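Note sheet for the following structure.
Just so it is clear, the model here is predicted, and its values are computed rather than measured. Just follow the structure's listing: the first ligand is 1, and inside any ligand the first atom is 1.
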Amino acid sequence: MVGISTKIDTRYWNISPHRPERGKVIQASSIISGGGIVAFPTETVYGLGADAWNSRAIEKIYLAKERPADNPLIVHIAYFHQMRDLVQDITPTARYLARRFWPGPLTLVLPKGNGIPEIVTAGLDTVAIRMPAHPVAKSLIYYSRRPIVAPSANRSGRPSPTTALHVLRDMYGRIDGVMDGGTAKVGVESTVLDITGDIPIILRPGGIPLEDLERALGQVDLDTGLESRGEDTKPRSPGMKYRHYAPKGELHIFLGGPDVVTAKAMVEAAGEWWRKGGRVGILCSREVYEMINEMDDISDAIYFMRSLGGWDDPGAAARGLYSALHQCDLDEVDIILVQALPTRGIGLAVMNRLLKAAGNRVVKV
Ligand code: AMP
Ligand code: MG
C-alpha cells in the first residue's frame, strides 16, 4: 500500500447533528488547525477535512484516500466573505447562486485566487467552492477559523460514506478523527457547476438538480464528457474520469420501467449468475421489488435485495444508494443487478453514480 506505514489513532466523537456540542467541535477543529485530518458529516456525504491553506495537511488526505494527485478538492466555507481570499473576483453569477442555493449541495468553480496551494486545485487555474448546510460542518469550519478542503471520506474509487460507520470501515487508522453526526440527508455529492464562462456547465450532477439551476439561470449545459460512454472525451472535472463509487461486486444496470417485464428480466439474470456460482444482489424500484417478492417461480438465487424507493421518488434513491452499495460489500455479493431509475431531478446524479460504478455495463430489458 502507498504512503501509510504506521496506523494512526483515530478519535471518535458522537455529536448532535442539530446542536453540535461545542467542546467536541473545538477538539476536532484544533486537530484541523494543527495540520490533521478529520472526517465530518455534511448534508451530501461525509467529508474528510483539512486546513485549506496547509499543503502538508492536504497531502495527508491524498495519502489516506489513495486519491490520484490530479483530482482537485472542494474548499468548504461557512460564510460568504470567506470566498474573498479564494477567488480572483466574486462575480455577479456567483453572488446570485450563493444567495439562492447556499448553504446547500452546490459547488461553484471560479478562477482561483492567488495563494491557494497548488495541491488544492491540482494545478488548475480554477477553484471549487461550496458552503455546506450541515450544522456540524459549519461549526467545524467556524472553530477552525479557516476554509476546509474536504473530499468524500472514502478510499478513492469506493462508494462514498453516508454514515460515520461507513467512514470507519474504510478509513479507521488512516485519519485523525471522525465526527459522527448521523446519516447524511441528501445522500449523493454536490452538483459541481463551472461558472467561468458565459454559459454555466455542470461538471458533475449532484444534490442540486439541473432543473433548479435552469430555473435560476436559463441555459445550463451538461459537460460533454459526462454523456460520453467512451474513453476519448475528457471530462472537465478531473474526478469524473475515474471508475468511481464502486462496490467490490460487479454492477449491471437494467434499463427497464417499473413493470413485470423488468422484474422477470432481473430474476432470470439472477438465476443465470447464480448457476454460474455467483452470489447475486438486486437493487430496484419499490414497484419491481414488490413484483419480485410476489413471483411464484422466484429462485434461491437472490442473496440480497433492496428497494431504492418508488419509481417517482429520486430523492429516496439518492438517500439510499450508497448504503445499499455498502451493504452489497458487507454481504460479499459478486454480482449486483440494479434497475435504472428516471434521471429527473436528483435522479440524474443517482444514474451518473450508478453508470460510473457499473463501468457502463448496461442491459436493455
Ligand atoms: P469529491 O470531493 O471527492 O466528491 O470530489 C470533488 C469533485 O470536484 C471531483 O470530481 C473534482 O474533480 C471536482 N473539482 C474540484 N475542483 C475542481 C476544479 N477546480 N475544476 C473542476 N472540477 C473540480
Ligand atoms: Mg469522492
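- Residue-level proximity to ligand 1 for N71 is carried by the side chain, the only part with a heavy atom below 4.0 angstrom.
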Derivation of the salt bridge (Lys or Arg N to Asp or Glu O under 4.0 Å) call for D223 and R204: CA-CA 8 Å; D223 182 19; R204 174 179 76 180; over 6 Å; no
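- Taking all atoms of both residues into account, the shortest heavy-atom contact from V38 to W13 is CG1-CZ3, 4.1 Å.
- Looking at H166 and T163, their side chains come closer than 4.5 Å, going by heavy atoms from C-beta outward.
- Excluding water, every protein N/O/S atom under 2.8 Å from the Mg ion (ligand 2) is given here by residue and atom: S152 OG.
- Within 6.0 Å of NZ in K24 there are more than 12 heavy atoms belonging to other residues, nucleotides or ligands.
- When non-hydrogen atoms are compared, ligand 1 lies under 4.0 Å from neither the backbone nor the side chain of K112.
- One option in E189, R67, K65 has a heavy atom closer to atom 3 (O) of ligand 1 than any other, and that option is R67.
- The distance from ligand 1 to the heavy atoms of S152 drops below 4.0 Å at these ligand atoms: 1 (P), 2 (O), 3 (O).
- The pair E66-R158 does not count as a salt bridge, with every side-chain nitrogen at least 4.0 angstrom from each carboxylate oxygen.
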For residues 102-120, tabulate all N or O donor-acceptor pairs below 3.5 Å that involve a side-chain atom, not counting sequence neighbours.
| unit_1 | atom_1 | unit_2 | atom_2 | d |
| --- | --- | --- | --- | --- |
| W102 | NE1 | L106 | O | 2.8 |
| T107 | OG1 | S190 | OG | 2.7 |

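- Contacts between V45 and ligand 1 below 4.0 angstrom, taking non-hydrogen atoms only, are absent altogether.
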Side-chain donor-acceptor pairs under 3.5 Å in residues 177-185, sequence neighbours left out?
| unit_1 | atom_1 | unit_2 | atom_2 | d |
| --- | --- | --- | --- | --- |
| D180 | OD1 | G182 | N | 3.1 |
| D180 | OD2 | Y12 | OH | 2.5 |

Indicate every side-chain donor-acceptor pair of residues 331-340 with a distance under 3.5 Å to a residue at least two apart or in another chain.
| unit_1 | atom_1 | unit_2 | atom_2 | d |
| --- | --- | --- | --- | --- |
| D331 | OD1 | Q327 | NE2 | 3.4 |
| D334 | OD2 | R279 | N | 2.8 |
| Q339 | OE1 | S285 | N | 2.8 |
| Q339 | OE1 | S285 | OG | 2.8 |
| Q339 | NE2 | G256 | O | 3.1 |
| Q339 | NE2 | G257 | O | 3.0 |

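- The 12-atom threshold is not exceeded at NE2 of H18, counting heavy atoms of other residues, nucleotides or ligands nearer than 6.0 Å.
- Interface atoms of ligand 1 facing T126, defined by a heavy-atom separation under 4.0 Å, are 18 (C), 19 (N), 20 (N).
- In the displayed structure, Y142 atom OH is contacted under 6.0 Å by at most 12 heavy atoms of other residues, nucleotides or ligands.
- Shown in contact with R204 at under 4.0 Å from a heavy atom are these atoms of ligand 1, numbered in order with element: 1 (P), 4 (O), 5 (O), 6 (C), 7 (C).
- Between L203 and ligand 1 there is a heavy-atom distance shorter than 4.0 Å.
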